[in-house]
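The structure appears right after this line, and notes come after that.
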Amino acid sequence: MNKEILKDICVLYVEDENDVREFTAKLLDSLLKKVYVAQDGLEGLKIFEENSKVIKLILLDVMMPKLDGWSVLRQIRQVSKVPVMM
């Protein structure tokens, strides 16, 4: 894999489990240009709305408090076709 390509990518990572979120965010941060991290669906949606022009991929948990992953995806799809992995 060409890791240099990753250095130009900004990702939104939404995960409610603290340990998983911290470990994965640290790993992604070492590979990517920028990792925006949210701890629930509402925060993730807000971060996306504020940074939608630079976010190129969303990593989205399904089961989360406040707003689940499917609801977040439906709202994002109303304004963007950014790739989402759940």
Side-chain angles (χ1 to χ4, degrees):
M1 174 173 44
N2 185 348
K3 291 182 183 179
E4 290 305 311
I5 293 172
L6 299 175
K7 289 291 182 188
D8 292 330
I9 297 176
C10 296
V11 170
L12 170 59
Y13 176 51
V14 188
E15 170 63 59
D16 65 318
E17 297 286 332
N18 285 337
D19 292 340
V20 174
R21 184 177 62 249
E22 289 174 14
F23 175 81
T24 306
K26 184 184 268 189
L27 175 65
L28 292 171
D29 195 47
S30 71
L31 298 170
L32 303 170
K33 178 178 181 177
K34 172 79 175 162
V35 180
Y36 297 91
V37 180
Q39 60 187 347
D40 61 58
L42 274 179
E43 183 182 12
L45 193 56
K46 182 179 180 215
I47 291 171
F48 180 75
E49 290 169 350
E50 294 169 352
N51 301 282
S52 63
K53 290 186 180 0
V54 297
I55 292 173
K56 301 302 180 200
L57 173 68
I58 300 173
L59 304 175
L60 187 58
D61 188 10
V62 174
M63 302 289 289
M64 293 182 292
K66 299 184 182 176
L67 196 62
D68 66 79
W70 292 109
S71 297
V72 173
L73 178 60
R74 276 192 293 278
Q75 290 188 44
I76 288 172
R77 281 294 171 254
Q78 292 178 7
V79 297
S80 175
K81 295 292 186 192
V82 64
V84 177
M85 294 178 65
M86 296 180 84

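Only this structure's heavy atoms are used, side chains among them; waters, hydrogens and symmetry mates stay out. Computed from a predicted model, the values in this text were never measured in an experiment.
- Lys46 is linked by a salt bridge (charged side-chain N to carboxylate O under 4.0 Å, His left out) to Glu50, counting only residues two or more places apart in sequence or in another chain.
- In the hydrophobic clustering of this structure, Phe23 does not group with Leu28; members are Ile, Leu, Val, Met, Phe, Trp, Tyr whose side-chain heavy atoms approach within less than 4.5 Å, directly or through other members.
- Residues in residues 55-67 take part in no side chain to side chain donor-acceptor pair (under 3.5 Å) pair, two or more places apart or across chains.
- The nearest pair of heavy atoms linking Arg21 to Glu15 is NH1-O, 2.8 Å.
- In this view, Asp8 satisfies the side chain to side chain donor-acceptor pair (under 3.5 Å) rule with no residue, not counting sequence neighbours.
- Met86 belongs to a hydrophobic cluster with Leu12, Val14, Tyr36, Leu42, Leu45, Ile47, Phe48, Val54, Ile55, Ile58, Leu60, Val62, Met63, Met64, Leu67, Trp70, Val72, Leu73, Ile76, Val79, Val82, Val84, counting contacts under 4.5 Å between side-chain heavy atoms of Ile, Leu, Val, Met, Phe, Trp and Tyr, direct or through other members.
- Annotation for Lys7: atom NZ counts as buried by contact number, over 12 foreign heavy atoms lying within 6.0 Å.
- Residue pairs meeting the side chain to side chain donor-acceptor pair (under 3.5 Å) criterion with at least one partner in residues 71-86, sequence neighbours excluded, are Asp68-Ser71, Ser71-Arg74.
- Glu17 contributes no side-chain N or O that, together with a main-chain N or O of Asp19, makes up a donor-acceptor pair within less than 3.5 Å.
- Residues near Leu27 contribute nothing to a hydrophobic cluster around it, because no ILVMFWY side-chain heavy atom sits closer than 4.5 Å to its side chain.
- The two atoms that bring Val35 and Leu32 nearest to each other are CG2-CD1, 3.9 Å, heavy atoms only.
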Evaluate the criterion side-chain contact (heavy atoms from CB on, under 4.5 Å) for residue pair Lys34 and Val11; output intermediate values, then yes/no. CA-CA 6 Å; Lys34 172 79 175 162; Val11 170; over 6 Å; no
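- Inter-residue side-chain proximity for Met85 and Leu59 is flagged as met; some heavy-atom pair is nearer than 4.5 Å.
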